[in-house]
Amino acid sequence: MGRLQDKIAIVTGAASGIGAATARRVAAEGALTVVADLNSDGAEAVAEELRAAGGSATAVTVDLGDVDSVRAMVAAAVDRYGGLDVLHNNAAATHLAARQDLAVVEADPAVWDDTMRINLRGTMVAIQAAVPHLIARGGGSIVNTSSGSGLTGDLRNPAYGASKAALINLTQYVATQYGKQGVRCNAVAPGFIVTPASSGSAHGAIREAMLRHHLTPRLGRPEDIAAAVVFLASDESAFITGHTLRVDGGLLSHAPYVADLRNG
């Protein structure tokens, strides 16, 4: 029996990358899986893959920037499967971070607004819609995808980083406000994960720099995050809430000069 056997789970941003890997792992652990993404065709392809492997999966189109769309996603899960046990808020405005999220002095306020609307408000609305259904089933688990960018400063993507830092705090608020009703809320903070979205920056000098600063001999994979999400979603983490789990190969665990000394 899987760790999420017969649990009803929503995974957002599940058409590719970390979200798709998590949807696969959640379904493999026995969950009835809602594959949610703005990319309708991609979500349906992942859902079909899960069904072909013997799982139960439904694709739902969702726009995290649209309040009604987010609420409809949760309603669709409840209508299809009869409730909700797990919400994994993984989707983010990575398209903005990749091209338009400039240094603070050059930043476009509209990009900041869009980033916060999708990454932060969209997650809040999903939680808002999900919590009553989790409580109705005696409790459940919410796992938010933050980022190492939400824990440190960097030379790029300040809007993305600020939104992910806010998610860490939102995670603590939700854990505090609904814990006594059986709802746990945690976050994962991925480091540098090689996905289709990041593959352009996973080569050459950037890849080598990242590898030097990792404590592990490789960079992260989507499956590394999926494993952490399943743990936090399952009863194995029943006494963990309000926590942010870094899954970053030790990237933020060492003094800044370690890589230089090791290779000096």
Side-chain angles (χ1 to χ4, degrees), residues 11-13 17-19 21-22 64-65 87-104 107-109 111-128 141-177 184-195 197-198 201-202 206 209-210 213-216 219-222 224-229 231-233 237 240-256:
V11 180
T12 71
I18 291 171
T22 302
L64 284 190
L87 172 64
H88 177 38
N89 291 305
N90 171 71
T94 52
H95 63 293
L96 296 176
R99 297 182 180 87
Q100 302 175 53
D101 192 356
L102 305 178
V104 171
D108 181 349
V111 172
W112 272 73
D113 288 346
D114 286 345
T115 300
M116 297 300 170
R117 177 171 54 86
I118 295 168
N119 292 4
L120 185 57
R121 191 189 73 180
T123 296
M124 183 280 292
V125 173
I127 293 171
Q128 185 181 62
S141 177
I142 299 167
V143 184
N144 299 322
T145 298
S146 180
S147 171
S149 299
L151 296 167
T152 63
D154 205 338
L155 298 176
R156 59 179 187 168
N157 301 340
Y160 180 84
S163 72
K164 293 299 188 175
L167 275 182
I168 291 172
N169 194 238
L170 177 62
T171 295
Q172 294 173 315
Y173 266 88
V174 174
T176 300
Q177 293 175 352
R184 294 186 299 111
C185 188
N186 293 290
V188 290
F192 193 87
I193 307 298
V194 180
T195 68
S198 70
S201 58
I206 292 178
M210 286 292 178
H213 286 277
H214 278 63
L215 302 182
T216 52
L219 296 176
R221 301 166 182 154
D224 296 319
I225 310 305
V229 171
F231 168 67
L232 291 172
S237 62
I240 301 173
T241 193
H243 180 69
T244 297
L245 176 62
R246 287 191 293 107
V247 188
D248 66 354
L251 182 63
L252 300 183
S253 295
H254 57 79

Q: Mind checking side-chain hydrogen bond (donor to acceptor under 3.5 Å, both in side chains) for Asn186 and listing every partner two or more places apart, or none if nothing turns up?
A: none

Q. Which pair of non-hydrogen atoms, one from Ala228 and one from Val188, has the smallest distance, and what is that distance?
A. CB-CG1, 4.1 Å

Q: Without swapping roles, check the side chain of Arg121 against the backbone of Gly65 for a donor-acceptor pair under 3.5 Å.
A: yes

Q: Could you tell me which residues satisfy side-chain contact (heavy atoms from CB on, under 4.5 Å) with Asp108, sequence neighbours excluded, listed by chain and number?
A: Ala110, Val111

Q) Testing Leu170, Leu87, Asn89, Asn144 for side-chain contact (heavy atoms from CB on, under 4.5 Å) with Cys185, which one passes? A) Asn144

Q. Which atom names give the shortest non-hydrogen contact between Ala91 and Gly13, and what distance separates them?
A. CB-N, 3.5 Å

Q) Say you draw a straight line from CD1 of Ile168 to OG1 of Thr244; how long is it, rounded to the nearest 0.5 Å? A) 4.5 Å

**Q.** Sequence-distant partners of Ala93, side-chain contact (heavy atoms from CB on, under 4.5 Å), two or more places apart
**A.** His95, Leu96, Ile118, Asn119

Q) Who pairs with Asp114 by side-chain hydrogen bond (donor to acceptor under 3.5 Å, both in side chains), at least two apart in sequence or on another chain? A) Arg117

(Q) Using 0.5 Å steps for rounding, measure from the CE atom of Met124 to the CG atom of Leu64. (A) 12.0 Å

Q. Between the side chain of Asn169 and the main-chain N/O of Ala166, is any donor-acceptor distance below 3.5 Å?
A. no

Q) Between Ser146 and Lys164, is there a donor-acceptor pair closer than 3.5 Å when you use the side chain of the first and the backbone of the second? A) yes

(Q) Would you compute the distance between atom CD1 of Ile127 and atom CD1 of Ile142 and round it to the nearest 0.5 angstrom? (A) 5.0 Å

Q. Does His213 use its side chain to pair, donor to acceptor, with the backbone of His254 at less than 3.5 Å?
A. no

Q: For His214 and Leu219, run side chain to side chain contact (heavy atoms under 4.5 Å, CB included): C-alpha distance rounded to whole Å, both residues' side-chain angles, the deciding distance at 0.1 Å, then the answer.
A: CA-CA 7 Å; His214 278 63; Leu219 296 176; 3.5 Å; yes

Q: Could you pull out all residues at least two apart from Leu252 that satisfy side-chain contact (heavy atoms from CB on, under 4.5 Å)?
A: Leu151, Thr152, Arg246, Asp248

Q) Ser141: what forms a side-chain hydrogen bond (donor to acceptor under 3.5 Å, both in side chains) with it, not counting sequence neighbours? A) none

Q | Val143 to His88 - nearest heavy-atom pair and separation | A | O-ND1, 2.9 Å

**Q.** Thr195 to Pro222 - nearest heavy-atom pair and separation
**A.** CG2-CG, 3.8 Å

**Q.** Listed once per pair and sorted, the salt bridge (charged side-chain N to carboxylate O under 4.0 Å, His left out) pairs that draw on residues 88-97, sequence neighbours left out
**A.** none

Q | By side-chain hydrogen bond (donor to acceptor under 3.5 Å, both in side chains) - contacts of Ser149 (at least two apart) | A | Ser147

Q) Is a side-chain donor or acceptor of Thr12 paired with a backbone partner of Asn90 at a separation under 3.5 angstrom? A) yes

(Q) If I compare all heavy atoms of Met116 with all of Ala159, which pair ends up nearest, and what's the gap? (A) CE-O, 3.6 Å

Q. How would you list, by chain and number, every residue that makes a side-chain contact (heavy atoms from CB on, under 4.5 Å) with Ser237, sequence neighbours excluded?
A. Arg184, Phe231, Leu232, Ile240

